[in-house]
Amino acid sequence: MSESKDFLRVKVEEDLKAGKYRAITTRFPPEPNGFPHIGHAKSIGINFGIARDYHGKCNLRMDDTNPTTEDMRYVEALKDAVTWLGFSWAGEVRFASDYFPKIYDYAVQLVKMGKAYVDSLNEEEIREYRGSVTEPGRRSVYANRSIEENLDLLERMRKGEFKDGEHVLRAKIDMSAANMKMRDPLLYRIRHAHHFRTGDEWCIYPMYDFAHCLSDYIEGVTHSICTLEFENNRDIYDWVLDALDLTPPRPYQHEFARLGMNYTVMSKRKLLELVNGNYVNGWDDPRLPTIAGYKRRGYTPEAINNFCEQIGIAKANSTVDVAQLEFCIRDDLNPKVPRVMCVLDPLKVVIENYEGEEEIDASYYPHDVPKEGSRMLPFSREIYIERDDFSENPVEGYYRLTPHQPVRLKHAYILTCKEILKDKNGNIVEIKAVYHPDSKSGTDMSGIKTKSAIHWVSAKHAKKAEVRLYERLYKVDAPENVEDLNPDSLHVIQNAFIEPAVVTEKPDVRFQFERQGYFYADPIDYTDEKPVFNKIVGLKDSWAKKSETAKSAPKTESKKAHVEGNVAPMSEEEKTRFEAYTKSGLNSEIANTLARDEELSRFYEATLLHVKSPTSIANIVANDVARELKREVALPFGAKEVAELVVMMDEGVISSKIAKQVFETMAQTGENPTQIVETQGLKQISDPALLKPLIEDVMAKNPDNVAKYKAGNTNLFGFFVGQVLKNSGGKANPTVVNTLVSEALK
RNA sequence: UGGGGUAUAGCCAAGCGGUAAGGCAACUGGUUUUGGUCCAGUCAUUUCAGGGGUUCGAAUCCCUUUACCCCAUCCA
């Protein structure tokens, strides 16, 4: 695990340490209405990963509360994905639909408590009554129904006495809530639809907001982790669980930013469009970011999991570079898979001075991969090399075969070009070459230096193979619709030539095709008669990059100009205060902060009554008191205490640093500041004679930093002061320490 | 526009008043029978979205401005 923990793990540790839960339970709660993609992999990694790290449990629960969109087929895909990624859920797969009876009972209870009602407005009216983000909504007249009537109606809804949309059950919360989600959210709706698990047992179905929190509670989930778009729903989550007065402990919801990747779409809707519109070949098309797609392409679960770990968990909306994913799969495959040779774009080479044939023992792994295994490579007079590996008029820096530059055939001999054969159009169709008999790999006595070694196959022995090359599905980095699709995302090479051992020996299903990339024997279409390979990812290619960057012009970068907005004007009252404050010597920023906030100005003026020290008071009120006021609890101290603190500071009994510390204690415990200073012995130390030994000590313990500082890293000054202050328990007078340290460092 | 979030390098991301972690990408150089891997190194100090303030000291605390995301489905 990495050294820094993400905020979710921090929270889990806190809760465990505080004894909020004895053990933790998480859950992965997809709706079975689409195939899972790499964004789900991130969520799976988080939920199952946290459960694993803290010895808890993680459930797999299908959030199947909408019978019209869900299907068993997706349940299977979801189970496959979790299993393939290497995780196992606790017990059986759960279904929200299993809890329908319990959830219904909770609904009845809410009605009995007078906290929910049956509304009979139609869909349009409900929307209208909800108001808008700027305007409060108004409550339906049906909200006044008696508990008995509500109970009766709800029961009849369940029995199927009403048509779809005739009634809904709503929570009675607040139609003017600033959070739109809290304007009497719907709890149940009538749907005479067949559910893929409960069949026709129910004709009312709970809404997400009602079912999800209760499902979590029923399962004993402790940490309900979801994505950012549910932040607004957290209020309902809490409301429902609190309103029902449940036996603790109850779960709490925490949100993280979902995964975005460039050149990729991740929404279910867009993915569905690609599949249904036949822009790709099914849910497992290797170009898709679905788990099934990656699996079919040849990605390993290790690579996906590493990726999810590397990108981290945070709350900022972000778009990860696909290069990061590609790194992960290369990194995983490099030390694992055998190297073999496959020619994708063949160019025939006839070796005029070679007769007969031979077999070369060639290791499957390069020197830096500590694995055993080799195969026999047939070599003969006619071979294929990659068309790219020959150049009649090479550009500067070209290392491969040219009319004047010999090249090493990997594992075999050195080759020199003798003649180029072309067709009528001037295309090269064949190379005539000679080999150097004494240059055989391992026993090279030729003394010829080559710049590179290229891959090849014996024409007579090679097997024909289909190779599917994939490029990014989209041509733009932030694709929006099908117009952004890359028309060249799929290249099928029907006539690639691969060395025979790959088919006859099958040392693995994933290979590195030497110098090209990683490939996977397609699990569905591959046969020995017609081998099919999918390109997983290319090797890094610094040669291609070099030749390309030479062409493309450097991008011009521009920093966005920052727009300054207007500050809201002050009211008359505020203006009067502001002027009085500046007149009394406060700087305009502090005066402004105080003047604009009624509570702050009141506190400031009250403190001023105790001591005539406007600047010190203003500073502490505008900064520290303001912070405490932001919290929703009442202040445990008053103007008198702050005044005491100010006096101690003004008189130099304590430094401003200690004052902050004292203030914090005051805010937490409500203790008297003088007492805090007394009991904790916080009086500041200003005597240089007492401070000097501390400074010398720090210097002696950090000779490296002293050297760095003297070499010019003046930032380290703060480090020394900080260390001294820390060692003095915060009591050293920072001003004195500063002068002493700067003297000592001369 | 009301509410809820977020802002640190080209892309992710740590950091919680005292030396701006790490990964990807990029760029040097070395090793190499893969232009791969590996190794060594470079890559935020007019610097943490902008402006002000508090402090001996601010990415971090306070005020303020800006930009982006989410919320007005009987979807989840």
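In the text below, chain A, chain B and the rest are named by the order of the sequence lines, each starting its count at 1. The basis for the numbers below is simple: all heavy atoms, side chains too, and nothing from hydrogens, waters or symmetry mates.
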Any base atoms under 4.0 Å from [X], or only sugar-phosphate, or nothing? Heavy atoms, all strands.
{"X": "A:Ser318", "value": "sugar-phosphate"}
{"X": "A:Gln310", "value": "sugar-phosphate"}
{"X": "A:Lys315", "value": "sugar-phosphate"}
{"X": "A:Arg183", "value": "nothing"}
{"X": "A:Phe327", "value": "sugar-phosphate"}
{"X": "A:Ile311", "value": "sugar-phosphate"}
{"X": "A:Thr319", "value": "sugar-phosphate"}
{"X": "A:Asn705", "value": "base"}
{"X": "A:His455", "value": "nothing"}
{"X": "A:Asn66", "value": "sugar-phosphate"}
{"X": "A:Gly137", "value": "nothing"}
{"X": "A:Phe256", "value": "nothing"}
{"X": "A:Ile620", "value": "nothing"}
{"X": "A:Thr65", "value": "sugar-phosphate"}

Using whole Å, what does the distance between atom [atom2] of nucleotide [N] and atom [atom1] of [X] come to?
{"X": "A:Asp209", "N": "B:rA72", "atom1": "CG", "atom2": "P", "value": "11 Å"}
{"X": "A:Arg330", "N": "B:rG35", "atom1": "CZ", "atom2": "C1'", "value": "14 Å"}
{"X": "A:Ile173", "N": "B:rA72", "atom1": "CD1", "atom2": "P", "value": "15 Å"}
{"X": "A:Gln512", "N": "B:rC38", "atom1": "CD", "atom2": "P", "value": "12 Å"}
{"X": "A:His212", "N": "B:rA76", "atom1": "NE2", "atom2": "P", "value": "11 Å"}
{"X": "A:Asp216", "N": "B:rA76", "atom1": "CG", "atom2": "C1'", "value": "13 Å"}
{"X": "A:Gln324", "N": "B:rA9", "atom1": "CD", "atom2": "P", "value": "15 Å"}
{"X": "A:Asn233", "N": "B:rA72", "atom1": "CG", "atom2": "C1'", "value": "13 Å"}

Subject >> 5′-ward residue of the pair A:Ile126/A:Arg515 relative to RNA chain B >> reply: A:Arg515

Original post:
RNA chain B: A:Thr714 or A:Ser441, which has the more 5' nearest nucleotide?
Top reply: A:Ser441

Compute the centroid of each ring, for [X] and then for [Y], and state whether the two points are separated by less than 6.0 Å.
{"X": "A:Phe379", "Y": "A:Tyr413", "answer": "yes"}
{"X": "A:Tyr604", "Y": "A:Tyr581", "answer": "yes"}
{"X": "A:Phe511", "Y": "A:Phe519", "answer": "no"}

N/O (side chain, [X]) to phosphate O (OP1/OP2, [N]) under 4.0 Å:
{"X": "A:Lys451", "N": "B:rG35", "answer": "no"}
{"X": "A:Arg191", "N": "B:rC74", "answer": "no"}
{"X": "A:Asn587", "N": "B:rU54", "answer": "yes"}
{"X": "A:Ser542", "N": "B:rG36", "answer": "yes"}

Under the 3.5 Å rule, do the base of [N] and the side chain of [X] count as making a donor-acceptor pair?
{"X": "A:Glu514", "N": "B:rG36", "result": "no"}
{"X": "A:Arg400", "N": "B:rG35", "result": "yes"}
{"X": "A:Arg408", "N": "B:rU33", "result": "yes"}

**OP:** Report yes or no: is the ring centroid of A:Tyr208 under 5.5 Å from the six-membered base ring centroid of B:rA76, with the two planes under 30 degrees?
**Re:** no

Original post:
With stacking defined as ring centroids separated by under 5.5 Å and planes differing by under 30°, is A:Tyr399 stacked against B:rG35?
Top reply: yes

Subject >> Which residues share a side chain to side chain contact (heavy atoms under 4.5 Å, CB included) with A:Glu598, sequence neighbours left out >> reply: A:Arg577, A:Arg602

Subject >> A:Arg191 to A:Tyr205, cation-pi by 6.0 Å centre distance and 45° axis angle >> reply: no

**OP:** Nearest 0.5 Å please: distance from the CZ atom of A:Arg596 over to the CG atom of A:Leu594.
**Re:** 12.5 Å

I'd like the [atom1] distance from [M] over to [N], given in whole Å.
{"N": "B:rC27", "M": "B:rG3", "atom1": "P", "result": "48 Å"}
{"N": "B:rC39", "M": "B:rA25", "atom1": "P", "result": "14 Å"}
{"N": "B:rG30", "M": "B:rC68", "atom1": "C1'", "result": "45 Å"}

Original post:
Can you list the steps and then say if A:Glu231 with A:Lys315 is a salt bridge (Lys or Arg N to Asp or Glu O under 4.0 Å)?
Top reply: CA-CA 11 Å; A:Glu231 267 173 327; A:Lys315 296 191 74 161; 3.2 Å; yes

**OP:** Could you run through nucleotides 56-71 of chain B and give me one letter per nucleotide, 5' to 3': B if any protein heavy atom sits under 4.0 Å from the base, S if only the sugar-phosphate is that close, - if neither?
**Re:** B----SBBSBS--SBS

Original post:
Quick one: does A:Pro32's side chain get under 4.5 Å of A:Leu78's, heavy atoms only?
Top reply: yes

**OP:** Verify salt bridge (Lys or Arg N to Asp or Glu O under 4.0 Å) between A:Asp184 and A:Arg170, making sure each step is shown before the conclusion.
**Re:** CA-CA 6 Å; A:Asp184 288 11; A:Arg170 304 181 72 168; 5.2 Å; no

Subject >> Identity of whatever pairs with B:rU6 - Watson-Crick or G-U, under 3.5 angstrom >> reply: B:rA67

Subject >> Watson-Crick/G-U partner (both atom distances under 3.5 Å) of B:rC38 >> reply: B:rG30

**OP:** When you get a sec, tell me which of B:rA13, B:rU19, B:rA72 is the closest nucleotide to the side chain of A:Ala316?
**Re:** B:rA13

Original post:
Is B:rU73 in the syn range, within 90° of 0, or in the anti range?
Top reply: syn

Subject >> A:Ser97-A:Asp64 side chain donor-acceptor pair, cut-off 3.5 Å >> reply: yes

**OP:** Could you walk me through whether A:Asp235 and A:Lys181 pass the salt bridge (Lys or Arg N to Asp or Glu O under 4.0 Å) test, one step at a time?
**Re:** CA-CA 8 Å; A:Asp235 284 345; A:Lys181 294 258 147 135; over 6 Å; no

